[in-house]
Amino acid sequence: MSARRNVLTSQMLPNPAPTAAAPVSTVSTVGASGSAGELLRARRCVAAIDMDCFYAQCEELRHPELKGRPVGVQQKALVITSNYTARACGVQKGDSLQVVKEKCPEITICNGEDLTFYGQVSQQFFDVAARFSSKVEKLGLDEVFVDLTEQVEERSSARDDGGAKMSGLVYPDAEAAGTDCEDGGDAGACWRYLALGSMICQEIREAIQLEVGLSSSAGVSVSKLLAKMVSSWKKPSQQTVFVPTADCLDSLLPESLPVQKIPGIGFASTQRCQVLGIHSIGQLRAVSHERLQEAFDASTVKTMKALCLGLDEAPVKASGAPKTCSAEDSFWQKPLSSNEEAKASLELLAQKLLTKIRMLERSFGPRPVPSLSLTVRHVDRAASGSAGPAAPDGVYRTKRRDPVADRSLGSWGKEGATEGDGDSEEALLERMVTRLVIDVRDSGKPFRRFKKWLEEQPPFDIVIDGANVGFNNQNREGGLFQYSQIDAVIDKLRETGSRVLLVLHPKWLREDADRTVTKRKKRNLDQINLEGNMGSSDDSAEDQEGEPEIQYPFDPITCAERAAPAGTPLAYIRKWKEAECLVRVPAKDCDDWYWLFAALSSARRGARHVQVVSNDHMRDHHWRMVGHRAFLKWQGRHMTRVSIWSETSDVENCKVTLTPPDMYSMQAQVSEDSSAWHFPVPLVPSRAQQLSSGRPLPRKEIESAECHWLAAWRDTPADR
Ligand code: TTP
Ligand code: MG
């Protein structure tokens, strides 16, 4: 076996070495190689995946006819990226349009000002990566870090990892591995560990290619820093694995490497370093902590000192839903010159924003929109050199409002006016339900216990009317109560991260439940007749006054439930108890009061978007309430209908469609004092997208499209 040591060539290094004239002249004597021991022992695997020529690939996705031809993407006067066909002609990122046309006359230039589509594609490949690991961190639109440590551990315990093969380009290379990595030492162990990681990374990239249609490149190593540094060594469509041996580290992080080449040391930090006379990482290693603290705080100094030695313990932070979501336009190409144009542009922006929100909802589940702001920036024409008219003076911004309140904006000038303040509406309805219970059940004591338990819980986002969702053919002879249906709905909702409460009568929480519908009609009539005949035929003395209190939210898991085979009612009940999403109502009470009250209470306590999943039209148990306007409105906003079906006779494999209520009125409105607007926005591609796709939508299609709303307020002077 050859004893050749692996050395990275300068071609592989991210940048040529600088020759900085630096006041800090000393360089360190110990380079990054000193970190090798520690890094080789780290049992961590991180992949940094970067899409190839991202915007250009997105353009190829939406214009497949461009595939194979040179494509550039323009922002302002620059071609910010191009596909690799154009790069073969010498086109570089950031070339001016003119230069690009000279280098590659046949290039197709796409306008890349509108990032909406790129954002959608970005979300798609993020979703693919997130299937492989729960720790996926976004880095801009076209890069992700994926922590593969758990997956590598799983695979290494599931198989003889001696069979793991490196996938991609490897440093140190296979030949050097003979000496460095195939022995029983740290290097060998790290090599085998990263080999598994490289295989998983390859699988992720293949899935992204297959499912989204994007080629990508990646780096795989023991930290974000090292993975990121090697991720673009081989592009396009390749990956590089970096085993942090001493030689490799020295080659990756030579003394002369400019500080800005270290991921994590950004533009501002680089500038501050330069003020201190620090240009290269050799100088950064040599400089004292005290000197660095003249420009940085102590924790930043510690991080920078570690980074320049190749050490990086930063975790991959799972990116959740972004905190904000925005759509904007600089109007630099076509300044707005009339109110009509401003309104049309606002509608387009609102549409873009809603498309983005929808996309995020698909990935992270529905969330309330706690506030919305509309900002109009005034650009000084003289300063900007723009020939267009100045933007209207002033800043428009919404007040903080939650979505239900957003839909209850007080007195709108035209139709669509709602009841006043959401709080009092829910409080009123809560009182009505309580009244209903007390009228039917003399003391209402069990209900009060439920209320007390509920108040101690954080508000729920979704309340499931279990009895309703569980039935197929609910009101007909032959209908059957199916536990699997409820379970399918719960799974679907819990996937979105919502806090789900399943309300069930105890008659369903037993093995021998009567699951047919035959007795129900009689009971419904009883319930309308009120007096004392509520609820189930369960004659247990449970919950009678003076009897031991029932346990909330449910009885402990029983031995029978524990032993129940999958797919049986008891197994489902156990699962719901384990997931802590179940609440059992007292046997003598009507479950409908409970889910309705749970939803009202959750809304009052903050979950203002709360939804009840039920197809119940509330004509029987709530017969006194359906005559109340506030209740009808509440129902209209908070009842999500559900349909459950199975393509086969296999009811265990049912599919679920949830239909939440429409978002408020579809009429454009303005408040009486003209300080706020409410726009219905059709969910169709933006005008710009329609034009660029060569398919402007006919008016009819736009009018019949699904609509969403956007509300905006003008700040009062006091708000500014
Ligand atoms: P990059 O990852 O730097 O570039 P790229 O994906 O186009 O090409 P590759 O990774 O194969 O080298 O940037 C990602 C996207 O960010 C890019 O497609 C366009 C956009 N971008 C800008 O908006 N401004 C810029 O200055 C650069 C470099 C990129
Ligand atoms: Mg890229």
Side-chain angles (χ1 to χ4, degrees), residues 11-15 47-63 66-97 99-100 103-104 107-126 128-129 136-146 168-169 201 204-205 208-209 212-220 224 227-240 260-264 266-267 270 319 322 326-330 332-333 692:
Q11 200 192 353
M12 296 161 186
L13 289 172
N15 226 19
I49 306 179
D50 179 283
M51 299 303 118
D52 300 322
C53 56
F54 181 54
Y55 289 7
Q57 280 204 85
C58 290
E59 293 301 338
E60 289 174 0
L61 283 180
R62 64 173 157 185
H63 304 294
L66 292 178
K67 197 95 191 154
R69 289 161 47 187
V71 177
V73 179
Q74 179 191 2
Q75 275 182 359
K76 305 235 161 59
L78 299 180
V79 174
I80 50 165
T81 194
S82 63
N83 64 5
Y84 280 79
T85 316
R87 290 188 203 185
C89 305
V91 175
Q92 291 183 357
K93 292 188 245 184
D95 278 350
S96 71
L97 191 57
V99 168
V100 167
K103 286 180 178 171
C104 184
I107 195 168
T108 304
I109 298 292
C110 304
N111 186 305
E113 300 278 337
D114 182 350
L115 305 185
T116 314
F117 182 66
Y118 308 146
Q120 288 168 357
V121 179
S122 172
Q123 192 58 47
Q124 285 173 20
F125 79 73
F126 175 88
V128 174
V136 180
E137 181 178 338
K138 267 188 184 212
L139 200 66
L141 281 183
D142 92 323
E143 281 182 78
V144 282
F145 284 120
V146 188
L169 209 73
C201 181
I204 299 176
R205 290 179 41 246
I208 293 173
Q209 176 75 65
V212 191
L214 290 178
S215 84
S216 59
S217 305
V220 178
K224 292 206 286 189
K228 165 88 179 147
M229 285 193 82
V230 300
S231 64
S232 54
W233 275 6
K234 277 286 172 182
K235 263 184 169 282
S237 206
Q238 294 192 59
Q239 64 181 41
T240 307
Q260 66 267 31
K261 293 292 170 191
I262 305 178
F267 180 73
T270 302
S319 301
S326 65
E328 58 276 305
D329 195 331
S330 63
W332 72 277
Q333 275 177 319
S692 69

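Each ligand, and each atom within it, is numbered from 1 in the order the structure gives. These numbers come from the heavy atoms of this one structure, side chains and all, not from hydrogens, waters or symmetry mates. One-based numbering along the sequence shown. Quick caveat: nothing in here was measured; it's all calculated off a predicted structure.
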(request) Specify the closest pair of heavy atoms between E59 and N111, including all atoms of both residues, with the distance to one decimal. (result) OE2-O, 4.0 Å
N, O or S atom of [X] closer to the Mg ion (ligand 2) than 2.8 Å:
X: S217; answer: no
X: D52; answer: no
X: D142; answer: yes

(message) Can you tell me how far apart CD1 (I49) and CG (L139) are? Round to the nearest 0.5 Å.
(response) 12.0 Å
(message) Take a 6.0 Å sphere around NZ of K234 and say whether it holds more than 12 heavy atoms from other residues, nucleotides or ligands.
(response) no
[Y] and [X] side chains, donor-acceptor separation under 3.5 Å:
X: K138; Y: Q123; answer: yes
X: N83; Y: Q57; answer: no
X: R87; Y: Q92; answer: no

Identify the protein atoms, limited to N or O, that lie within less than 3.5 Å of an N or O atom of ligand 1, and list each pair with its distance to 0.1 Å.
unit_1, atom_1, unit_2, atom_2, d
ligand 1, 2 (O), D142, OD2, 2.9
ligand 1, 3 (O), K93, NZ, 3.0
ligand 1, 4 (O), K93, NZ, 3.0
ligand 1, 6 (O), M51, O, 3.1
ligand 1, 6 (O), C53, N, 3.3
ligand 1, 6 (O), F54, N, 2.9
ligand 1, 6 (O), D142, OD2, 2.9
ligand 1, 7 (O), F54, N, 3.2
ligand 1, 7 (O), T81, OG1, 2.5
ligand 1, 8 (O), C53, N, 3.1
ligand 1, 8 (O), R87, NH2, 2.8
ligand 1, 10 (O), D50, OD1, 2.9
ligand 1, 10 (O), M51, O, 3.2
ligand 1, 10 (O), K235, NZ, 2.9
ligand 1, 11 (O), C53, N, 2.7
ligand 1, 11 (O), Y84, OH, 2.6
ligand 1, 11 (O), K235, NZ, 3.2
ligand 1, 12 (O), R87, NH1, 3.1
ligand 1, 12 (O), K93, NZ, 2.8
ligand 1, 18 (O), F54, N, 3.3
ligand 1, 18 (O), Y55, N, 2.9

(request) Quick one: do D50 and S231 satisfy side chain to side chain donor-acceptor pair (under 3.5 Å)? Show the steps, please. (result) CA-CA 7 Å; D50 179 283; S231 64; 5.6 Å; no
(message) Would you call the rings of F125 and F54 parallel, tilted or perpendicular, taking 30° and 60° as the class edges?
(response) perpendicular
(message) Which atom name does D50 have for its N/O/S atom nearest to the Mg ion (ligand 2)?
(response) OD1
